[in-house]
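First comes the structure, then the notes that go with it.
These figures come from a predicted structure and were not determined experimentally. Reminder, nothing fancy here: chain letters follow the sequence lines and each chain counts from 1.
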2 protein chains.
Amino acid sequence: MNDLRFPTALQMVLSLAVAREAKRRCTSMELATGLGANPALVRALLVPLSRANIVTTTIGKNGGVELARAPEEISLREVYFAIIDDKRLFERRTNVPSVCVVSTNIGSFFEELATEVEDAMLTKLGQRTVAQSLMEIRRIDAARIANVTEIVAD
Amino acid sequence: MNDLRFPTALQMVLSLAVAREAKRRCTSMELATGLGANPALVRALLVPLSRANIVTTTIGKNGGVELARAPEEISLREVYFAIIDDKRLFERRTNVPSVCVVSTNIGSFFEELATEVEDAMLTKLGQRTVAQSLMEIRRIDAARIANVTEIVAD
DNA sequence: TCTTAATGTAAGCATTACGATTACACTTAG
DNA sequence: CTAAGTGTAATCGTAATGCTTACATTAAGA
């Protein structure tokens with residue numbers, strides 16, 4: 001089973017960015033509906049997002065979720081890091097015996113390699129903000145609609 | 001459970017690069033010993049490596065495995081791609097309903113994003129060859145030995 | 001030709017991590 | 001006081017992978 005936490009959290013944040021334009025809050029139920037998922041799953045993901053100061057949750061009646069900052073100020077790297085954090089992209093083997101120069105040092109080497117590759121990935125994510133991503137989503141939507149119209153016209 | 005195929009294959013290829021210097025072949029048993037793993041596991045990974053022309057296997061008595069090319073000519077990207085291939089780094093959610101502009105287009109958007117991030121990672125891996133990696137391993141080993149000597153001297 | 005040493009491959013079990021759901025405690029507006 | 005929210009724990013199902021065993025296949029060499 002693949003890890004869907006990042007795509008899920010990303011969609012949540014993007015939906016919150018849309019709601020923010022209307023100065024609205026979302027409930028975990030609304031977010032769950034957009035995902036085709038369960039509100040409890042959404043709330044579980046809200047915990048680390050809240051801890052990272054990406055969203056703000058309000059308990060009680062009329063409560064809900066909103067972005068803690070302007071979407072221009074939130075990078076996808078922050079979202080990824082808030083959600084994933086501990087898990088390394090590449091995990092190394094454990095219990096490798098020391099029987100040659102390779103087996104003895106592969107652990108350190110792989111750690112270096114994994115860090116470097118992971119940094120490259122995070123840098124890429126750091127170059128994108130939530131605001132830009134929302135613009136991109138709308139660009140994709142416009143293209144989709146234009147395409148549908150064209151097909152209908154045939 | 002984390003996917004250990006890439007680190008496993010990488011160690012195998014590095015061990016084969018060492019063996020190549022001595023003009024030796026390795027058996028899957030030898031490689032498995034260095035990994036602390038089972039020969040059948042090694043042989044399963046040998047199949048895609050062989051298909052990608054990274055290693056050459058020889059069946060029968062006195063058979064075994066060797067690098068198919070010089071270690072300078074094999075990038076870590078090739079090793080990664082040979083082993084992982086199908087599996088995307090980021091998987092998107094399935095069955096997302098179309099209830100708003102975000103949920104309707106998040107799939108396409110995430111696909112674009114995942115491709116870009118994955119390319120960044122593969123580029124990083126493409127900049128490293130097996131030969132360079134082996135040199136790096138030996139550098140780490142030398143540093144480790146120097147450190148041990150220093151501690152013993154205290 | 002027979003034995004031996006190797007790869008190729010399929011089948012089955014255990015483990016792990018995550019998704020999904022349910023349930024309930026807690027909080028706050030009106 | 002009630003309704004509408006979040007916070008969180010517990011449980012189950014499932015998919016992917018590692019690990020192991022077993023056996024078929026192949027080829028060298030006595």
Side-chain angles (χ1 to χ4, degrees), chain A residues 1-9 11-12 16 19 24-51 54-66 68 83-97, chain B residues 1-9 11-12 16 19 24-51 54-66 68 83-97:
Chain A
M1 193 180 301
N2 236 307
D3 193 337
L4 301 177
R5 288 177 297 173
F6 177 51
T8 307
Q11 181 173 342
M12 286 164 53
L16 290 172
R24 281 200 323 107
R25 270 191 200 134
C26 288
T27 65
S28 61
M29 185 61 202
E30 287 175 310
L31 292 173
T33 301
L35 287 160
N38 194 289
L41 189 79
V42 170
R43 289 202 286 271
L45 286 174
L46 285 174
V47 174
L49 288 176
S50 177
R51 198 173 295 148
I54 293 170
V55 305
T56 304
T57 59
T58 309
I59 290 178
K61 195 168 177 178
N62 296 341
V65 194
E66 59 197 314
I83 294 296
I84 303 297
D85 190 12
D86 51 326
K87 189 171 138 200
R88 300 299 306 264
L89 198 57
F90 296 134
E91 214 64 54
R92 66 186 201 183
R93 292 188 70 87
T94 52
N95 299 25
V96 176
Chain B
M1 195 179 298
N2 235 305
D3 193 337
L4 300 177
R5 288 177 296 174
F6 177 51
T8 306
Q11 179 172 344
M12 286 164 52
L16 290 172
R24 280 202 319 108
R25 269 190 202 136
C26 288
T27 63
S28 60
M29 185 62 202
E30 287 175 309
L31 292 173
T33 301
L35 287 160
N38 193 289
L41 189 79
V42 170
R43 289 201 286 270
L45 287 173
L46 245 29
V47 173
L49 288 176
S50 178
R51 199 172 296 149
I54 293 171
V55 305
T56 304
T57 57
T58 309
I59 291 179
K61 194 169 179 179
N62 296 342
V65 193
E66 59 197 313
I83 293 296
I84 302 298
D85 191 11
D86 52 327
K87 189 170 137 201
R88 300 299 306 262
L89 198 55
F90 297 135
E91 214 65 53
R92 67 186 201 184
R93 291 188 70 87
T94 53
N95 299 26
V96 176

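- The residue B:Arg93 sits close only to the backbone: its heavy atoms come under 4.0 Å of sugar-phosphate atoms, none of a base.
- For the atom pair B:Leu46 CG and B:Thr56 OG1, the distance stands at 10.0 Å (nearest 0.5 Å).
- In the set D:dG7, D:dT17, C:dG19, C:dG19 carries the atom at the smallest distance from any side-chain atom of A:Leu4.
- Ranking D:dT17, C:dA20, D:dT6 by closeness to the A:Leu41 side chain, first place goes to C:dA20.
- For the pair A:Leu4/B:Glu91, a side-chain contact is recorded, criterion being any heavy-atom separation below 4.5 Å from C-beta on.
- The distance between atom CG of A:Leu31 and atom P of D:dT6, rounded to the nearest whole Å, is 8 Å.
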Considering only nitrogen or oxygen atoms on both sides, find all protein atoms under 3.5 Å from nucleotides 25-29 of chain D and state each distance.
from: D:dA28; atom 1: O3'; to: B:Asn62; atom 2: ND2; distance (Å): 3.3
from: D:dG29; atom 1: OP1; to: B:Asn62; atom 2: ND2; distance (Å): 3.2

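- Note: CE (A:Met29) to P (D:dG7) measures 17 Å, nearest angstrom.
- Between the CG atom of B:Leu49 and the C1' atom of C:dG8 there is a distance of 15 Å, rounded to whole Å.
- Taking CG of B:Leu89 as the start and CG of A:Leu89 as the end, the distance is 5.0 Å to the nearest 0.5 Å.
- Taken to the nearest 0.5 Å, the OG atom of B:Ser28 stands 11.0 Å off from the CG atom of B:Leu35.
- Residues A:Leu49 and A:Val65 have side chains not in contact (no heavy-atom distance under 4.5 Å, counting atoms from C-beta outward).
- At whole-Å resolution of the value, CG in B:Leu45 and C1' in D:dC19 are 12 Å apart.
- Rounded to whole Å, atom P of C:dC24 lies 14 Å from atom CZ of A:Arg43.
- Rounded to whole angstrom, the span from the CG atom of B:Asn38 across to the C1' atom of D:dA22 amounts to 11 Å.
- Contact check, B:Thr58 against C:dA6: no side-chain N or O comes under 4.0 Å of OP1 or OP2.
- Within the 4.5 Å cutoff, side-chain heavy atoms of A:Asp3 are placed close to those of A:Ile84.
- Rounded to an integer number of Å, the gap from CG of B:Leu46 to P of C:dT7 is 8 Å.
- Ranking C:dA6, D:dT6, D:dT8 by closeness to the B:Thr27 side chain, first place goes to C:dA6.
- B:Thr8 pairs in a side chain to side chain contact (heavy atoms under 4.5 Å, CB included) with only one of the listed residues (B:Gln11, B:Arg5, B:Met12), which is B:Met12.
- A straight line from CD of B:Glu30 to C1' of C:dA6 spans 11 Å, rounded to a whole angstrom.
- Phosphate proximity of C:dG8 to B:Thr57: present, with a side-chain N or O under 4.0 Å from OP1 or OP2.
- Distances shorter than 4.0 Å separate some side-chain N or O of B:Ser28 from OP1 or OP2 on C:dT7.
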